[in-house]
Amino acid sequence: QVQLVESGGGLVQPEGSLRLSCAASGRGFSINAMAWYRQAQGKQRELVARITAGGSTNYADSVKGRFTISRDIAKNTVYLQMNSLKFEDTAVYYCNAYLSGTYPPYFWGQGTQVTVSS
C-alpha cells in the first residue's frame with residue numbers, strides 16, 4: 001500500500017504565494033509521474049501540473065507562468081509552487097502518483113484546501 005501525504009494548503013491573499021508538498025510513502029514502488037489536480041466547488045476536477053520521473057513537465061494554460069511543479073526523487077516528494085495566486089485558484093488540490101510495482105498503479109492524496117481571499 002502506498003500513501004500520499006499532502007501539506008501546505010491554507011488561506012492566502014490574492015497575488016500571494018503558497019507551496020504544496022506531496023510525499024509518497026511505502027515500499028516496492030517507483031514513480032513514473034506525479035501530478036497535481038484541483039477541484040473547485042461546483043466544477044470538475046482538472047489537471048494543474050504534471051512531472052515525469054525524467055523531469056518533463058506539463059501545465060494547464062490557466063496556471064502556466066505562475067505555478068511550478070518540481071520533485072525530489074530521494075524523498076519521493078512532489079512540490080507545487082504557486083505564485084501570483086488568484087481567486088480562481090481556490091480549490092481542493094489533490095496529489096496523484098502513477099507508479100510501477102503497485103496495484104493499483106495510481107494513488108490519490110486526500111486533498112488540501114487552498115483558499116485565495118482578501
Side-chain angles (χ1 to χ4, degrees):
Q1 182 68 24
V2 176
Q3 186 176 17
L4 303 182
V5 180
E6 302 178 18
S7 62
L11 178 65
V12 65
Q13 293 183 328
E15 299 300 320
S17 297
L18 211 57
R19 191 192 194 203
L20 305 183
S21 299
C22 175
S25 63
R27 293 187 292 181
F29 70 89
S30 61
I31 298 173
N32 299 129
M34 298 188 76
W36 289 96
Y37 290 74
R38 68 185 181 187
Q39 187 167 19
Q41 190 170 3
K43 302 290 185 62
Q44 293 184 194
R45 187 173 298 188
E46 65 175 349
L47 176 66
V48 176
R50 191 180 77 107
I51 187 167
T52 69
S56 298
T57 59
N58 289 296
Y59 297 92
D61 288 341
S62 59
V63 307
K64 191 174 183 179
R66 299 188 296 119
F67 291 10
T68 303
I69 189 169
S70 61
R71 85 268 194 258
D72 186 326
I73 296 175
K75 295 181 179 179
N76 288 330
T77 299
V78 65
Y79 306 95
L80 185 67
Q81 179 66 47
M82 304 184 292
N83 298 326
S84 302
L85 283 160
K86 305 175 180 179
F87 294 121
E88 304 92 277
D89 296 317
T90 295
V92 177
Y93 284 70
Y94 297 91
C95 179
N96 176 267
Y98 173 49
L99 309 176
S100 295
T102 64
Y103 182 83
Y106 50 89
F107 288 86
W108 290 94
Q110 289 188 280
T112 183
Q113 177 71 46
V114 172
T115 302
V116 183
S117 177
S118 60

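Just so you know, residue 1 is the first one in the sequence shown, and it goes up from there.
- Nearest approach of A35 to R50, heavy atoms of both residues: CB-CG, 3.8 Å.
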Identify each donor-acceptor pair in which a side-chain atom of residues 14-26 lies under 3.5 Å from a protein atom, sequence neighbours left out, and give them as a table.
{"residue": "S17", "atom": "OG", "partner": "N83", "partner atom": "OD1", "Å": "2.9"}
{"residue": "S25", "atom": "OG", "partner": "Q3", "partner atom": "O", "Å": "3.4"}

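- Crowding of Q110 atom CD: a count of heavy atoms from other residues, nucleotides or ligands under 6.0 Å not exceeding 12.
- In terms of modelled atom types and a separation under 3.5 Å, the side chain of Y59 and the main chain of I69 share a donor-acceptor contact.
- Interatomic distance, CZ of R71 versus OG1 of T57, reported as 10.0 Å (0.5 Å rounding).
- In terms of modelled atom types and a separation under 3.5 Å, the side chain of T90 and the main chain of V116 share a donor-acceptor contact.
- There is a path of hydrophobic side-chain contacts, each under 4.5 Å, that joins V114 to V48.
- The side-chain heavy atoms of W36 and C95, taken from C-beta on, include a pair separated by under 4.5 Å.
- With rounding to the nearest 0.5 angstrom, the OG1 atom of T102 is 8.0 Å from the CZ atom of F29.
- Rounding to the nearest 0.5 angstrom, the gap separating the CG atom in N58 from the CD1 atom in I51 is 10.0 Å.
- Considering all non-hydrogen atoms of both residues, D89 and K86 come closest at OD2-N, 2.8 Å.
- Tracing side-chain contacts under 4.5 Å through hydrophobic residues (I, L, V, M, F, W, Y), one reaches W108 starting from L47; they form part of the same cluster.
- The cluster map of Ile, Leu, Val, Met, Phe, Trp and Tyr, joined by side-chain heavy atoms under 4.5 Å apart, puts Y106 and L4 in different clusters.
- Under the 4.5 Å side-chain contact rule for hydrophobic residues, I73 and Y79 do not share a cluster.
- Residues Q39 and Q44 approach most closely at CG-C, 4.1 Å, considering heavy atoms.
- Judged purely by atom type and a 3.5 angstrom limit, T77 uses its side chain to pair as donor or acceptor with the backbone of K75.
- Around OH of Y98, the count of heavy atoms belonging to other residues, nucleotides or ligands within 6.0 Å does not exceed 12.
- Taken to the nearest 0.5 Å, the CG atom of N32 stands 7.0 Å off from the CG atom of L99.
- In this structure, the side chains of V63 and R38 come closer than 4.5 Å at one or more pairs of heavy atoms.
- Using a 30° and 60° split on the angle between ring planes, Y93 and F67 fall in the tilted class, from 30° to 60°.
- A distance of 7.5 Å separates CE of M34 from CG of N76, quoted to the nearest 0.5 Å.
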